[in-house]
J.: 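Starting off with a structure, shown below.
Note that the numbering runs from 1 along the sequence shown for the chain.
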Amino acid sequence: MTDISKTITALILTIATAANFAACMKVNTEDEIRLPEVSQINLTDIIKEDTESEGEEETEDHDTAGAIDTTSESQTERTEATYYVFNPANLIKIGEHTYYPDYIFKYRNIEPEYQEYIISRLTEADKDLHDDLFVYTILESEYKDEYRFFGKMIMDGIIFEEAEMMAIYDPQTGYVWDYNIAKFRRSDPDKTNLMPEEELCKIVSRSSHDAGYLPMGTYLLKADGQGRLYYEFTIDRFSLVTIDAHTGELITEHYWDGIYY
């Protein structure tokens, strides 16, 4: 099997794996909302072009004695630069103001019976909210079988990174969201002239590929304390990359394989 055939086979197997991953994350509910549109690879043209290139390469090798590998550098760069499977995170709505990503229970390894209880508690806490809230993690409480909820304010599809909120169980009051506004200043982020998400995905794809990680995961639109918009990419579950939504400049890159050494 030629190197090109191996590459195509590996890509197809990876895409199949990614498709299964995406299918597992799909939640069919009327309360499901999506942030930006899905951005992912279309292999059809790449496979066609690589197959044609392979035929041309075999002809050249047959006609030229001692010919070296003629796979073009541009072809390799095209395949690596365009190969990604990134999707906007699906947010599920609870009550009037509470949203959570559909993978949160899976990532926290929370059993189904506890999921129902947590949702009921979040629904109860939602009644006191006036702003929309994005729940980003759930931890165990000091009280048996209870939890701590951590969230951030979300407006117009933008998660405000410094608008930190927390709900801790109290035997007297139950769960009530507490706003920590010490670092938060309400801003009005500019959503005009954002770079196409496809281009941003390609930039993150190159970076994660160069770091040795599979370019696959989800992303969220966020704003920092100054109102700068950026996308936060979760790659292969444990790694995070942030990129400026207007300029495409990589802001932070934290890669980790999830293993403690």
Side-chain angles (χ1 to χ4, degrees), residues 18 21-22 25-27 32-42 77-78 80-93 97-104 107 131-137 150-165 180-181 183-211 213-256:
F21 173 83
M25 292 175 60
K26 179 67 176 177
V27 177
E32 176 182 321
I33 67 170
R34 277 192 175 275
L35 294 183
E37 293 299 320
V38 174
S39 295
Q40 61 184 28
I41 187 174
N42 184 343
E77 290 177 349
R78 181 182 67 251
E80 293 178 354
T82 59
Y83 170 55
Y84 57 86
V85 182
F86 289 125
N87 296 278
N90 291 339
L91 302 188
I92 309 302
K93 185 178 181 181
H97 298 286
T98 305
Y99 297 86
Y100 69 91
D102 59 3
Y103 51 77
I104 193 170
Y107 282 6
D131 295 296
D132 287 347
L133 168 77
F134 171 74
V135 180
Y136 65 89
T137 195
F150 296 85
K152 299 179 186 293
M153 190 181 301
I154 180 172
M155 292 184 289
D156 192 24
I158 303 171
I159 297 169
F160 287 77
E161 184 63 23
E162 294 189 355
E164 188 72 33
M165 304 170 69
N180 181 0
I181 59 174
K183 296 182 179 180
F184 178 58
R185 177 175 57 112
R186 282 185 181 265
S187 57
D188 187 18
D190 181 12
K191 294 182 70 175
T192 62
N193 300 317
L194 298 182
M195 281 188 65
E197 291 155 37
E198 181 179 359
E199 294 303 315
L200 296 173
C201 286
K202 289 180 181 179
I203 295 172
V204 175
S205 174
R206 295 189 191 99
S207 176
S208 59
H209 177 274
D210 291 344
Y213 288 79
L214 180 66
M216 182 177 73
T218 60
Y219 56 90
L220 293 161
L221 180 61
K222 293 190 172 186
D224 63 15
Q226 288 70 48
R228 178 174 64 165
L229 287 175
Y230 64 93
Y231 283 98
E232 181 183 84
F233 283 75
T234 300
I235 300 171
D236 199 18
R237 180 176 175 180
F238 298 106
S239 300
L240 290 177
V241 172
T242 58
I243 184 170
D244 191 293
H246 285 99
T247 67
E249 175 189 2
L250 289 169
I251 303 171
T252 60
E253 298 178 78
H254 298 292
Y255 294 103
W256 182 45

J.: Among all residues two or more places apart in sequence or in another chain, which pass the salt bridge (charged side-chain N to carboxylate O under 4.0 Å, His left out) test with D131?
T.: R186
J.: According to the salt bridge (charged side-chain N to carboxylate O under 4.0 Å, His left out) rule, which pairs have a member within residues 151-161, sequence neighbours left out?
T.: K152-E161, K152-E164, D156-K191, E161-K222
J.: Can you name the ring pair (Phe, Tyr, Trp, His ring centres under 6.0 Å) partners of Y213, sequence neighbours left out?
T.: Y255
J.: Could you tell me which residues satisfy side-chain contact (heavy atoms from CB on, under 4.5 Å) with L200, sequence neighbours excluded, listed by chain and number?
T.: M195, Y231, I243
J.: For the residue pair G227 and P189, what are the closest heavy atoms and their distance?
T.: O-CB, 3.5 Å
J.: Working to the nearest 0.5 Å, report the span between CZ of F86 and CE of M216.
T.: 9.0 Å
J.: Nearest 0.5 Å, please: how far is CD1 in I159 from CG in L91?
T.: 6.0 Å
J.: Suppose we screen for side-chain hydrogen bond (donor to acceptor under 3.5 Å, both in side chains). Which residues come up paired with T98, at least two apart in sequence or across chains?
T.: D126
J.: Mind checking ring pair (Phe, Tyr, Trp, His ring centres under 6.0 Å) for Y230 and listing every partner two or more places apart, or none if nothing turns up?
T.: none
J.: Restricting to salt bridge (charged side-chain N to carboxylate O under 4.0 Å, His left out), what partner residues turn up for E249, sequence neighbours left out?
T.: none
J.: Name all residues meeting the ring pair (Phe, Tyr, Trp, His ring centres under 6.0 Å) criterion together with F238; count only those two or more places apart in sequence or in a different chain, and write none if there are none.
T.: W256
J.: Go through it in stages, so that I can follow the logic: the residues are V241 and S208, the test is side chain to side chain contact (heavy atoms under 4.5 Å, CB included), and I'd like the CA-CA distance, side-chain angles, deciding distance and then a yes or no.
T.: CA-CA 9 Å; V241 172; S208 59; 5.7 Å; no
J.: How far does OH of Y103 sit from OG1 of T218, to the nearest 0.5 angstrom?
T.: 4.0 Å
J.: Ring centroids only, cut at 6.0 angstrom: are F233 and Y219 within range, meaning strictly under it?
T.: yes
J.: Which heavy atom in V135 sits nearest to a heavy atom in P101, and how many Å separate them?
T.: O-CD, 3.1 Å
J.: Listed by chain and number, what are the side-chain contact (heavy atoms from CB on, under 4.5 Å) partners of T252, not counting sequence neighbours?
T.: T242, H254
J.: With side chain to side chain contact (heavy atoms under 4.5 Å, CB included) as the criterion, how do I104 and I92 come out once you've worked through the C-alpha distance, each side chain's angles and the decisive distance to 0.1 Å?
T.: CA-CA 10 Å; I104 193 170; I92 309 302; over 6 Å; no
J.: Specify the closest pair of heavy atoms between I203 and G248, including all atoms of both residues, with the distance to one decimal.
T.: CD1-O, 3.6 Å
J.: For D224, give me all partners under salt bridge (charged side-chain N to carboxylate O under 4.0 Å, His left out), at least two apart in sequence or on another chain.
T.: R228
J.: Between atom OG1 of T234 and atom OH of Y107, what is the distance when rounded to the nearest 0.5 Å?
T.: 6.5 Å
J.: Can you tell me how far CG of D188 sits from CD1 of I158, rounded to the nearest 0.5 angstrom?
T.: 8.0 Å
J.: Step by step, work out the side chain to side chain contact (heavy atoms under 4.5 Å, CB included) result for I235 and L240.
T.: CA-CA 6 Å; I235 300 171; L240 290 177; over 6 Å; no
